[in-house]
Amino acid sequence: MHFGPPSAPIRAVNQVSFEVQRGEAVGLVGESGCGKSLTALSLGRLLPEPQARWVGGRIRMDGHDVMSLSESELRRWRGRRLAYVFQEPSSALNPVLTLERQIREVLRLHRPEADTVEEVQRLLGRVGLTDGQRVRRSYPHQLSGGMQQRAVLAMALAGQPDLLIADEPTTALDVTVQAQIMELLSTLQRETGMALLLITHNLGLVARATHRLYVMYAGRMVEQGPTLDVLRHPAHPYTRALLRAVPRLRAGGVLEGIPGTVPHGSERPTGCVFHPRCDRRREACTSVDPDWSAVNEHHQARCPFWK
């Protein structure tokens, strides 16, 4: 996915390849600016065109080529096959419509036979909003941040999607509500059998909620494997740096940051994209773009010097 003129492209997402199996929970982590949200929006073709340009690649779901769908087909596909929960529920909800009208809009488009007040009440109850009669008649500003996020989740579930993309779903919430939302997401994912793609910079969340993990840096994947395997035995220097930057509750602990910043898409370094910030770089890293190296049968890292 590129932005800008072809003569000077900004390579926002490049050489990204991953899969999510039915019923599986997959995590996608990385710093802000690494391309996580752009990747998520690309899956539903939600990025504005022609500002965003599809340079190459495929997006396939159950054998269907998403890139070949027409606009009318996309409208039916979004929400029914693929649904989103975004990080700012106050921005995702329409401030001048009640929650009932917003949820019924999804039902009317994707499940017209279920477009009833009773179904709205059931969906709100399923996400833990037990006072459904009051909540469904409320406007977004009349609800707390946690209740708004649950309402957004109810809207996403209304179409009974096969894949739910949760993009930083707990960013603006306090720690207690974060835990409640993540427990709710995991429970609903297990009960419905839908696939879950969890995008976050919080490694603690993915450790508890996902089966597999992809680590993203500067618009590309740099490490992938079973979640606990990647977190317990990180191979790529970037993954190791992310884990060192996690605050720890112990006396005298020192918080380690990662020097530098994620490079702009128009200023990608040659060779390994992480080498300007890497504490293990070698001369070859400045000129050779590394391929995947096997850590074990299911765990890979884009670094030949991971050992």
If you compare all heavy atoms of [X] against all heavy atoms of [Y], which two are closest, and at what distance to 0.1 Å?
| X | Y | value |
| --- | --- | --- |
| L163 | L196 | CD1-N, 4.1 Å |
| Y84 | L43 | OH-C, 4.0 Å |
| E168 | Q87 | O-CB, 2.8 Å |
| L164 | L153 | CD2-CD1, 3.9 Å |
| T98 | R137 | CG2-O, 3.6 Å |
| V16 | M216 | CG2-CE, 3.6 Å |

Using a 6.0 Å cut-off, check whether atom [atom1] of [X] has over 12 heavy atoms from anything other than its own residue.
| X | atom1 | result |
| --- | --- | --- |
| E105 | CD | no |
| R101 | CZ | no |
| R60 | CZ | yes |
| E113 | CD | yes |
| E283 | CD | no |

Within a strict 4.5 Å, meaning less than it, do heavy atoms of the [X] and [Y] side chains meet?
| X | Y | result |
| --- | --- | --- |
| V215 | M221 | no |
| P226 | H211 | no |
| V85 | D167 | no |

Classify the ring geometry of F274 against Y217: parallel below 30°, tilted from 30° to 60°, perpendicular beyond 60°.
perpendicular
Checking Q224, E223, H236 against Q300 for side chain to side chain donor-acceptor pair (under 3.5 Å), the one that qualifies is Q224
[X] and [Y] ion-paired at < 4.0 Å:
| X | Y | value |
| --- | --- | --- |
| E31 | K36 | no |
| E119 | R122 | yes |
| R81 | D62 | yes |

Donor-acceptor pair, side chain of S138 and main chain of R134, under 3.5 angstrom:
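Answer holds: yes.
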Would D229 and R232 satisfy side-chain contact (heavy atoms from CB on, under 4.5 Å), going step by step from the backbone distance to the final call?
CA-CA 5 Å; D229 197 5; R232 289 172 177 169; 5.8 Å; no
Hey, any chance M1 and Y214 share a hydrophobic cluster, counting ILVMFWY side chains that come within less than 4.5 Å of each other, even indirectly?
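Same cluster.
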Honestly curious: do W306 and L231 fall in one hydrophobic cluster under the side-chain, below-4.5 Å linking rule?
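No.
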